[in-house]
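Computation of the quantities below employed the complete heavy-atom set of this structure, encompassing side-chain atoms and omitting hydrogens, waters and symmetry-equivalent molecules. In what follows, chains are A, B, ... by sequence order, proteins preceding strands, each numbered from 1.
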Amino acid sequence: MAPVLETRQLCKSFGALTVAERIDFALEPGARHALIGPNGAGKTTFVNMLTGALAPTSGRIFLGGEEITRASQAARVRRGLGRTFQVTTLFRSLSVLDNVALGIAEREGIARRMWRPASRFTEVKDEAMALLGTLGIAADAATRVQDLPYGRQRLVEIAIALGLRPRVLLLDEPAAGVPSQDSGRILEVLGALPPDIAILVIEHDMDLVFRFARRITVLVQGQVLVEGTPQEIAADPRVRSVYLGEAAHG
Amino acid sequence: MVLYVIAVGLSVTMGLMGFVNLAHGVFAMAGGFILSYAMARFAVPFAAGLLLAFVLVAAVSVVLERFLYAPLYAAGELAQVLFTIGLIFASVALARFVYGTASAPVFLPDHLTGQVRILGRDFPAYRVFLIVFSAALIAVLWFGVERTRWGAMVRAAVDNRAMAQSIGIDTRRLFTLTFALGSGLAGLGGALGADILPVHWGYPLEHLVYFLIVVAVGGLGSLRGPFVAALFIGIADTACKYWVPELGAFLVYAATIALLLWRPLGLFGVRA
Amino acid sequence: MSGYSADTRVRWTEWLPWVVALAAFFALPEYLALGARILIYILFALSLDLILGYAGIITLGHSAFFGLGAYTAGILSTKLGINDPFLQLVAAAAAGALLGISTGAVILRTRALTLLMLTLAITAILLEVANKMSSLTGGADGLSGVQVNPLLGLFKFDLWGKTAFLYCLAVLFIAWFFVRRLIYSPFGAMLTGIRENTTRMHAVGAPVYWRLVLVYTISGTLAGIAGALLTQVNQFVGLNVLGFEPSGELLVMLILGGVGRLYGAFIGPALYLIAQDYLAKQFPEYWYFGIGTLLIVIVLFAPGGILGLLDRLKPWLPSSRPGSSARASAR
């Protein structure tokens, strides 16, 4: 099966500092893939290059077989690449419904319309409510995001990304900062995501990673150390030394 | 070059502290008035007058910073812009009320007037003095920011205020001090330049664009940037007035726009 | 408020400005000149609110559009002999749109400080040009004797300003209608999104830059129309329509009323100009000082302006607030 997201020899350096070195990465359609690695391994840099927030020094990126290396962020989104942010990036003083609706409206090309009132586009509102329902936060639809507890805000992040009907979804530490009783909810949500979307999760929460991912890539100092199934990764001595080695050094 | 001394203070407050202080020209104006008044009324010598301008303006700025500026650090750009515009309006009105509509006269000391012979050409002595002074200033500032602990602390505090506080840096005092330095420099610049840019009640508004151009073109937070930018503007302005007087200041604006399109962060901008 | 669950029916309080205006027309015939001026500035403020309050673009150069529109109307009349009021308006609108799209495309690539500085630079450039090209613009003397043909061939601009007032009122009404529709439309919701979190807007696939250029152009068009109205009403245009003062004053007016809340653009200019008419005559030296201080006070204590204060005092007062605070920052 042709990969839906692919990078070839992706590199990024800031002057003398190399944060990504010849990364070859492929994501299958419907994948449940996790990207792990110690702090500073370059995971977020990699994601930023994928989404277009950061330009690579060299290498190429492909989405659904088409090259997107030079495409703008918005263009990539329109071609089916969605993401959530490590630090919640929401429209804070807008309602949850509006947050999700804005994304749906962009996707449908409705956001350009200047005459008819937004509230008359009931299809947008209905779809947003349905989406909120599947994530279990429909009751919060009218609440302003800034008034929500942090765990629910993370869910809104995911809702917005889903509203874009992406082919590929990049989740940057979806459980970060979420109190442990709420992270179970996040895992539930992740598990219930549509099977045809390819999902790449960056996470430090190993519990979540091992329960969610079917394949794991380990990134260390900007390079891919190893890639495989959760069992293979857990058993790999190199991975253990990277993490245990870290622990030994404190 | 006058622009440089004034603008470097602005680059400091805006680049290092992230605060949009459009009222910077007010401090410059105050410095000019102080020098003029001190020399006229109290026969204070030129150098002492400059020092007085620097110190007094810095002192007043501390008061303003503590009570008016500080609450707005987190308030967002619009609030800062509005506040400083309000400050401009109020100060301009005050200046007009106190000083009337005339410009503040400044009498340069004899050894700085007249011409000076360099490399076979005559240059106005005062302008040469200004360039030399600015170069010295840049050296001092660069040393201060790059090499001293103070400079490192400011850079850390701006980069991440909460983090800096947690390692024991008193960001409040740091910001106040930095602001005082920036404003003091403005006062100094206004005083130094009073001969070339006459100080009158409309001063902060009249030159606002130029201050901003120097800072934006030079790059926020940089020290060399405004120097190069001010130099460039001075030359461009003089050249334009000499060769194509009908265009007036148009060339400077056009060049600014072109430059910013090429380098949106300014020539030496460091912050993304 | 704009957004996908907003109630878009016109609330009864939204008819108040028009009722008040018509009442003033009949009850205060001596003040119609001031009234027309207020109406013009309301339109000008509406245009600024679109980009400042809704899209979050901080500009100090809005007078560039105002002045361009004013001079277009003036030049059309005095130099080209075109005195039809609607043609003058259309020309001013087109000029405003052209300036909007050309400068917007350039400056909207930059952010915050650089953007602000460029808006100042542009209005300074226009002022220079107007000053220098005195054969066209009358230079420092301005253009007097601007003629405006009777509206629809019937209504002459009379000395008491009756026609002028109703004319401005009609234009403002039409503009208000369009702006209100825009705010409640998906485009308006999208603008709010850009203001609230530009990064997020990029991440949902919005071509942010082009949308901003578009709204900047629309804003410039409206401001140009306002400028033309001023020329038509005064039958004169001078250099004071350009430069920092009109931009700065407009900003004060809008902040006073409340940014991003449609009707802030009504209340602000009305209060400001009425106060100025009375106070500036009595105490001219104190006027700017007072304005400056007022601005500082507002920013520190009442950033939502008058409408923000009313919000806090009366929770049941209907408003057009898009659910955001007035401490908008351009990102």
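Contact of A/Thr51 with chain C is not made at all, since no heavy-atom distance falls under 4.5 Å. For A/Glu157, the parts lying near chain C are the backbone and the side chain together; criterion is any non-hydrogen pair under 4.5 Å. Using a 4.5 Å cut-off between heavy atoms, A/Arg112 contacts chain C through both its backbone and its side chain. In this structure, the portions of A/Ile110 lying under 4.5 Å from any heavy atom of chain C include both its backbone and its side chain.
Residues of residues 211-223 of chain C that come within less than 4.5 angstrom of chain A, heavy atom to heavy atom, are C/Arg211, C/Leu214, C/Ile218 in numerical order. Taking 4.5 Å as the heavy-atom cut-off, the residues of residues 201-208 of chain C that approach chain A are C/Met201, C/His202, C/Ala203, C/Val204, C/Gly205, C/Ala206, C/Pro207, ordered by number.
The heavy-atom pair separating C/Tyr4 from A/Ala118 by the smallest distance is CD2-O, 3.5 Å.
Using the six-membered ring where Trp is involved, A/Trp115 and C/Phe177 have ring planes that are perpendicular, over 60° apart on the 30 and 60° scheme.
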Does the side-chain contact (heavy atoms from CB on, under 4.5 Å) test come out yes or no for A/Ser93 and C/Glu196, once each step is laid out?
CA-CA 8 Å; A/Ser93 54; C/Glu196 284 293 310; 2.7 Å; yes
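Once rounded to the nearest 0.5 Å, the distance linking CG of C/Asn197 with CZ of A/Phe85 reads 8.0 Å. The line from OG of C/Ser5 to NZ of A/Lys125 is 5.5 Å long, rounded to the nearest 0.5 Å. Taken to the nearest 0.5 Å, the CZ atom of A/Arg92 stands 13.0 Å off from the CZ atom of C/Arg200. Here the straight-line distance linking atom CD1 of C/Ile194 with atom CG of A/Leu102 works out to 10.0 Å at 0.5 Å rounding. In this structure, A/Arg113 CZ and C/Ser185 OG are separated by 9.5 Å, a value rounded to the nearest 0.5 Å.
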